Amino acid sequence: MTPTGRADTEMDADNPVVQLCAQGMRAETEGRADEARALYLRAWEAAGNDYDACVAAHYLARHQPTPQETLRWNQECLTRADRVGDDRVRGFYASLHGNMGRALLDLGRPDAARTHFESAARHLDAVPPGPYREWLRLCVARGLRATAAPPPPDDPVQALLTRFCARADLEALSLVLPARMGSLGTPEDEERVTTALRMLHAERRLPAPEQRALADAIRTRSA
């Protein structure tokens, strides 16, 4: 679930298992997938404790031939993290549960997937602030949307975003879209969406029909 395949952001670079996984990532980015998988397997075989096994399993899960095997290795990773149970893995859980959710979703098990996406959301605060956490939030939010009830067909915010996209209004999109796409469905997150809409409305620069639609969306969300 991470762009670099990492379960965290601060692993020990002197750890031999981490070094093998780093070599695997280099091979992967250079298009040498078979070599990458072999390096991750070596990391798994070299793991001498649950922490090392957790790291290696995380990478191995990325290179499995079937969704079932992907789920198995993601579960192995999560099980090993639970066995470690200390601050070394505290920042892992948002990604680990997100990976479980995505694997379950690929297997057509949305209810079980949602349970893991919800767990991932609860663990996001343990991830150090920065671009990685923001990217991970977007991934978790995507999983929550994919496992939620379909939005109403007349969703006013979605209708506005569709209009902004059609006009390539990047400024409007850059204000509203991050709040919308990163929302985990909490009252605080939904208020961020409404605040973004209010800020855009205050500019009074949209075409008249969109300005009216924006006001209606704010009223609906504030009711």
Side-chain angles (χ1 to χ4, degrees), residues 1-13 15-86 88-124 126-127 132-133 135-148:
M1 193 163 196
T2 66
T4 61
R6 295 179 60 169
D8 72 334
T9 55
E10 296 181 353
M11 291 190 289
D12 180 7
N15 183 319
V17 169
V18 172
Q19 290 175 350
L20 284 167
C21 290
Q23 293 172 32
M25 279 304 301
R26 284 195 294 272
E28 190 172 337
T29 57
E30 293 170 2
R32 294 177 281 119
D34 289 344
E35 183 177 342
R37 188 179 188 282
L39 285 161
Y40 299 149
L41 186 57
R42 283 177 57 193
W44 171 257
E45 292 168 346
N49 54 52
D50 287 321
Y51 177 86
D52 289 350
C54 174
V55 173
H58 171 75
Y59 286 90
L60 269 175
R62 294 161 50 86
H63 285 269
Q64 296 306 310
T66 67
Q68 291 84 357
E69 283 298 295
T70 299
L71 177 63
R72 183 175 78 83
W73 281 102
N74 279 319
Q75 181 62 69
E76 182 72 35
C77 183
L78 184 57
T79 298
R80 296 299 185 125
D82 287 342
R83 290 179 185 173
V84 174
D86 59 30
R88 289 176 295 166
V89 297
R90 185 168 174 265
F92 288 21
Y93 280 101
S95 177
L96 302 191
H97 280 290
N99 287 335
M100 285 290 295
R102 188 172 68 177
L104 287 161
L105 198 55
D106 288 343
L107 286 167
R109 299 169 59 186
D111 291 343
R114 184 167 185 84
T115 298
H116 282 284
F117 286 129
E118 289 172 345
S119 293
R122 290 194 295 270
H123 285 94
L124 276 171
V127 180
Y132 170 75
R133 185 167 76 178
W135 181 88
L136 187 54
R137 167 181 280 271
L138 290 174
C139 292
V140 174
R142 184 193 308 136
L144 290 171
R145 286 193 300 274
T147 54

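Keep in mind that what you see is a predicted model, and the values were worked out from it rather than measured.
- When side chains are defined from C-beta on, Val127 counts as touching Leu136, because their heavy atoms get closer than 4.5 Å.
- Atom CG of Asn15 sits about 4.5 Å away from atom CG of Asp52, to the nearest 0.5 Å.
- The CG atom of Leu105 lies 12.0 Å from the NE2 atom of His116; values are rounded to the nearest 0.5 Å.
- Checked for salt-bridge contact, Glu76 and Arg80 meet the test: a charged N lies under 4.0 Å from a carboxylate O.
- Across Cys21 and Ala56, no two heavy atoms sit closer than the pair SG-CA, 4.2 Å.
- In plain terms, the two heavy atoms of Ala53 and Ala47 that are nearest each other are N-CB, 3.5 Å.
- Within the 4.5 Å cutoff, the side chain of Arg37 has no heavy atoms near those of the Glu28 side chain.
- Within the structure, ring pair (Phe, Tyr, Trp, His ring centres under 6.0 Å) contacts touching residues 15-50 (residues at least two apart or in different chains) are Tyr40-Tyr59, Tyr40-His63, Trp44-Trp73.
- In this structure, His58 and Asn99 have side chains that are in contact, with non-hydrogen atoms separated by less than 4.5 Å.
- Closest approach of Ala43 and Val17 over heavy atoms only: O-CG2, 3.8 Å.
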Next item on the list: List the steps, then state whether side chain to side chain contact (heavy atoms under 4.5 Å, CB included) holds for Leu71 with Leu107.
Entry: CA-CA 9 Å; Leu71 177 63; Leu107 286 167; 3.6 Å; yes

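- Applying the side-chain hydrogen bond (donor to acceptor under 3.5 Å, both in side chains) criterion to Glu35, with sequence neighbours excluded, gives Arg32.
- Taking each heavy atom of Val89 and Ala81 in turn, the nearest pair found is CG2-O, 3.6 Å.
- In this structure, Glu118 and Arg122 have side chains that are in contact, with non-hydrogen atoms separated by less than 4.5 Å.
- Contact record, Gly101 with Phe117: C-CZ, 3.4 Å, taken as the closest heavy-atom pair.
- The closest side-chain heavy-atom distance from Phe92 to Val84 is not below 4.5 Å.
- Counted within 6.0 Å of CZ on Arg72, heavy atoms from surrounding residues, nucleotides or ligands total more than 12; the atom is thus considered enclosed.
- Within the 3.5 Å criterion, the main-chain N or O of Leu144 finds a donor-acceptor partner in the side chain of Arg114.
- Residues forming a salt bridge (Lys or Arg N to Asp or Glu O under 4.0 Å) with Arg42 (at least two apart in sequence, or on another chain): none.
- A distance of 14.5 Å separates CZ of Arg133 from OG of Ser95, quoted to the nearest 0.5 Å.
- Separation of atoms CE (Met100) and CG (Leu104) is listed at 5.0 Å; rounding is to 0.5 Å.
- Rounded to the nearest 0.5 Å, atoms CG (Leu39) and CE (Met25) are 11.5 Å apart.
- Around atom CZ of Arg109, no more than 12 heavy atoms belonging to other residues, nucleotides or ligands sit under 6.0 Å away.
- Residue Asp86 places its CG atom among more than 12 non-hydrogen atoms of other residues, nucleotides or ligands, all under 6.0 Å distant.
- Side-chain contact between Asn74 and Arg102 is absent, with no heavy-atom pair separated by less than 4.5 Å.
- When all heavy atoms of Thr147 and Ala113 are compared, the pair lying nearest together is CG2-CB, 4.1 Å.
- Interatomic distance, SG of Cys77 versus CG of Leu60, reported as 10.0 Å (0.5 Å rounding).
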